[in-house]
Participant: 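Questions regarding the structure given below will be posed in turn.
Because only heavy atoms are used, hydrogens play no part in the values below, and waters and symmetry mates are left out as well, while side chains stay in.
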Amino acid sequence: MSVDSMGAYLPMVPVVIDPPFVPPAVPQGPPVIHSFRLAEPMLLPDEFIATRPVPTAHSPNRQCASKIDEWMLRRSKPLYMPEATLPLTRMARQIAARNGIPKPHKILIVNKPFYNAAAYGNGTVVFHLDALKQAKSPEELAFVLAHELSHVQFEDVKAKKVRHGIAVGVALLADELAAWVFRVRSLVKSLGISLLVPIGSFQWAAFMERKDEARADTNAIRLLAKAGFGTDGYLSAFENMAHNKSKAQWWRQLEWKIYGENHPSLSKRVQAISQTVRQQPPLLEPQPVMSPAEWQRLKAAAAQVGTADS
């Protein structure tokens, strides 16, 4: 059967032929260059990796306070200081990896006075600018960072917020109870309950927080030793803390006396840490926390920024 005769037995299928593709005309002339401005400095690849959030799906318990912490961090207006955040982030991730704890969400520098650092419930560790300015060695910053990572490891921030919530609830309940039971007939007793019970509840919260701080001190030495870092930076850290505590405002000193100091005394902290250091096997060749060039860049960048007054 020929091909022509086969067509009689095949159904008629309409065939649609698309029009031929004609490329659009390219306008002749010089190329048009679109200019734009970045709203913020562009991050290098390493800086982007160091500052992007790390998912914490393996630790869902710490997500309860993350929204409050994110709001507080946005209000603090962190500084763009990659000379400090990059080496500190690398240091924190090495400590976390060697000790099997969740990686920190982020390392931030805030323009605040007073030698201090803090850990938030979402895993973010914040350094005050004065801590970078007053630090005498990289090992000192490593101890401060390991101390805050201990709070992240033990979820102390979440426990602290729960205890403070209990203290506030007890204070409000005591005030309502005093107003309902004694009323005006026993004004002295009413004021006594309204004042003494809240002070006692906050003293209890401060006592529990001191236990967390003492545990974070000794655990920081273990974290550093297991990561291969030197552990002798705590001495200069406590020297700076003692110097700054003596310059605290009078109202802060009064608050510590009434509601309780939330840290153990510096002498007790140094004694407990020194005992922990003696129990650790000595490191033959501790790894450098950061290179001398990185340390110089960190100090130079911190010195160029003026510290805020409050």
Participant: With rounding to the nearest 0.5 Å, note down the distance linking CG in Leu149 to CZ in Arg93.
Facilitator: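 Leu149 CG to Arg93 CZ: 11.5 Å, rounded to 0.5 Å.
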Participant: Taking atom CD1 of Ile101 and atom CD1 of Ile95, what is their separation to the nearest 0.5 Å?
Facilitator: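 It is 7.5 Å, given to the nearest 0.5 Å.
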Participant: Within the 4.5 Å heavy-atom criterion, are Asp212 and Phe154 side-chain neighbours or not?
Facilitator: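 Asp212 vs Phe154: side chains apart.
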Participant: For Lys268, what residues pass the side-chain hydrogen bond (donor to acceptor under 3.5 Å, both in side chains) criterion, not counting sequence neighbours?
Facilitator: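 If we apply the side-chain hydrogen bond (donor to acceptor under 3.5 Å, both in side chains) test to Lys268, skipping adjacent residues, there are no hits.
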Participant: Side-chain contact test, heavy atoms from C-beta onward, threshold under 4.5 Å: evaluate it for Thr124 versus Val126 and give yes or no.
Facilitator: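 A side-chain contact under 4.5 Å exists here.
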Participant: Once ring pair (Phe, Tyr, Trp, His ring centres under 6.0 Å) is applied, what residue pairs with a partner in residues 201-223 remain, sequence neighbours excluded?
Facilitator: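 Those involving residues 201-223 are Phe202-Tyr259.
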Participant: When you check the side-chain N and O atoms of Lys106 and Asn122, is any donor under 3.5 Å from an acceptor?
Facilitator: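 No.
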Participant: In chain order, what residues pass the side chain to side chain contact (heavy atoms under 4.5 Å, CB included) check against Gln275, with sequence neighbours excluded?
Facilitator: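 Per chain and number, Gln275 pairs via side chain to side chain contact (heavy atoms under 4.5 Å, CB included) with Arg278, Gln279.
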Participant: Using every non-hydrogen atom in the two residues, find where Ala220 and Ser150 come nearest and quote the distance to one decimal.
Facilitator: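 Looking at all heavy atoms of both residues, the shortest contact is N-OG, 3.6 Å.
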Participant: Residues two or more places apart in sequence or in another chain: which of them pass side-chain hydrogen bond (donor to acceptor under 3.5 Å, both in side chains) with His263?
Facilitator: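 Residues passing side-chain hydrogen bond (donor to acceptor under 3.5 Å, both in side chains) with His263: Glu213.
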Participant: Decide yes or no on salt bridge (charged side-chain N to carboxylate O under 4.0 Å, His left out) for Arg90 and Glu294, but give the supporting numbers first.
Facilitator: CA-CA 12 Å; Arg90 186 182 65 251; Glu294 289 177 326; 2.8 Å; yes
Participant: In this structure, are over 12 heavy atoms from other groups packed under 6.0 Å from Lys136 atom NZ?
Facilitator: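 For Lys136, atom NZ is crowded (more than 12 foreign heavy atoms under 6.0 Å).
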Participant: Atom CD1 of Ile107 and atom CD of Glu148: how far apart are they, to the nearest 0.5 Å?
Facilitator: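 These two atoms lie 9.5 Å from each other.
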Participant: As an exercise, state the distance from CD1 of Ile109 to CG of Leu88, rounded to the nearest 0.5 Å.
Facilitator: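 CG of Leu88 is found 5.5 Å from CD1 of Ile109.
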Participant: I'd like to know if the side chain of Asp130 and the backbone of Phe114 have a donor-acceptor N/O pair within less than 3.5 Å.
Facilitator: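 Confirmed, Asp130 side chain pairs with Phe114 backbone.
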Participant: Going from CD on Gln287 to CZ on Arg98, what distance comes out if it is rounded to the nearest 0.5 angstrom?
Facilitator: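 Answer rounded to 0.5 Å: 5.0 Å.
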Participant: Under the side-chain contact (heavy atoms from CB on, under 4.5 Å) rule, what do Val144 and His147 come out as? Steps first, then yes or no, please.
Facilitator: CA-CA 5 Å; Val144 176; His147 175 95; 5.6 Å; no
Participant: First locate atom CD of Gln134, then atom CE of Met241, and finally report the distance between them rounded to the nearest 0.5 Å.
Facilitator: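 Going from the CD atom of Gln134 to the CE atom of Met241 covers 10.5 Å.
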Participant: Starting from the C-alpha separation in whole Å, work towards a yes-or-no answer on side-chain contact (heavy atoms from CB on, under 4.5 Å) for Leu132 and Leu298.
Facilitator: CA-CA 8 Å; Leu132 304 183; Leu298 184 149; 4.3 Å; yes
Participant: If you look at every heavy atom in Pro264 and Arg269, which pair is closest and at what distance?
Facilitator: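 Shortest heavy-atom separation between Pro264 and Arg269 comes out as O-CD, 3.5 Å.
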Participant: Show me the donor-acceptor pairs within less than 3.5 Å that the side chains of residues 223-237 make with the rest of the protein, sequence neighbours left out.
Facilitator:
unit_1 : atom_1 : unit_2 : atom_2 : d
Tyr234 : OH     : Ser274 : OG     : 3.1
Ser236 : OG     : Glu140 : OE1    : 2.8
Ser236 : OG     : Gly233 : O      : 3.2

Participant: Is the shortest heavy-atom distance from the side chain of Phe127 to the side chain of Val125 under 4.5 Å?
Facilitator: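 Yes, their side chains come closer than 4.5 Å.
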Participant: Not counting sequence neighbours, list each pair that qualifies as a salt bridge (charged side-chain N to carboxylate O under 4.0 Å, His left out) and has a residue in residues 191-206.
Facilitator: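 Every candidate salt bridge (charged side-chain N to carboxylate O under 4.0 Å, His left out) pair involving residues 191-206 fails, so no pair, neighbours aside, qualifies.
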Participant: Could you work out, with salt bridge (charged side-chain N to carboxylate O under 4.0 Å, His left out) as the rule, every residue matching Arg210, not counting sequence neighbours?
Facilitator: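 For Arg210, no residue satisfies salt bridge (charged side-chain N to carboxylate O under 4.0 Å, His left out) once neighbours in sequence are set aside.
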Participant: Does Asn111 form a side-chain contact (heavy atoms from CB on, under 4.5 Å) with Lys77? I'd like the steps, not just the answer.
Facilitator: CA-CA 8 Å; Asn111 193 354; Lys77 297 180 180 180; over 6 Å; no
Participant: Using side chain to side chain contact (heavy atoms under 4.5 Å, CB included) as the criterion, list what pairs up with Val197, not counting sequence neighbours.
Facilitator: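 Only Val170, Ala174, Ile193 meet the side chain to side chain contact (heavy atoms under 4.5 Å, CB included) criterion with Val197.
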Participant: Take a 6.0 Å sphere around CD of Gln271 and say whether it holds more than 12 heavy atoms from other residues, nucleotides or ligands.
Facilitator: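 Not buried by this count: 12 neighbours or fewer within 6.0 Å.
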Participant: Report yes or no: does Lys103 contribute a side-chain atom to a donor-acceptor pair with the main-chain N or O of Gly123 at less than 3.5 Å?
Facilitator: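 Not a single qualifying donor-acceptor pair exists.
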Participant: Who are the side-chain hydrogen bond (donor to acceptor under 3.5 Å, both in side chains) partners of Asp156, not counting sequence neighbours?
Facilitator: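 So Asp156 forms a side-chain hydrogen bond (donor to acceptor under 3.5 Å, both in side chains) with His151, Arg215.
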Participant: For residues Pro78 and Leu108, report the shortest heavy-atom separation together with the two atoms involved.
Facilitator: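 In terms of heavy atoms, the two residues are closest at CG-CD1, 3.8 Å.
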Participant: Could you tell me whether the side chain of Asn116 and the main chain of His128 form a donor-acceptor pair under 3.5 Å?
Facilitator: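 Pair absent, no side-chain N/O of Asn116 close to backbone of His128.
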Participant: With Ala293, which residues qualify under side chain to side chain contact (heavy atoms under 4.5 Å, CB included), at least two apart?
Facilitator: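 Ala293: side chain to side chain contact (heavy atoms under 4.5 Å, CB included) contacts with Ser291, Arg297.
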Participant: Gln296: what forms a side-chain hydrogen bond (donor to acceptor under 3.5 Å, both in side chains) with it, not counting sequence neighbours?
Facilitator: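 side-chain hydrogen bond (donor to acceptor under 3.5 Å, both in side chains) check on Gln296 returns nothing, list empty.
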Participant: Could you pull out all residues at least two apart from Ala301 that satisfy side chain to side chain contact (heavy atoms under 4.5 Å, CB included)?
Facilitator: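 So Ala301 forms a side chain to side chain contact (heavy atoms under 4.5 Å, CB included) with Met81, Glu83.
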Participant: Locate the shortest heavy-atom distance separating Ala272 from Thr218; write the atom from each residue and the value.
Facilitator: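 Heavy-atom minimum between the residues: O-CG2, 4.1 Å.
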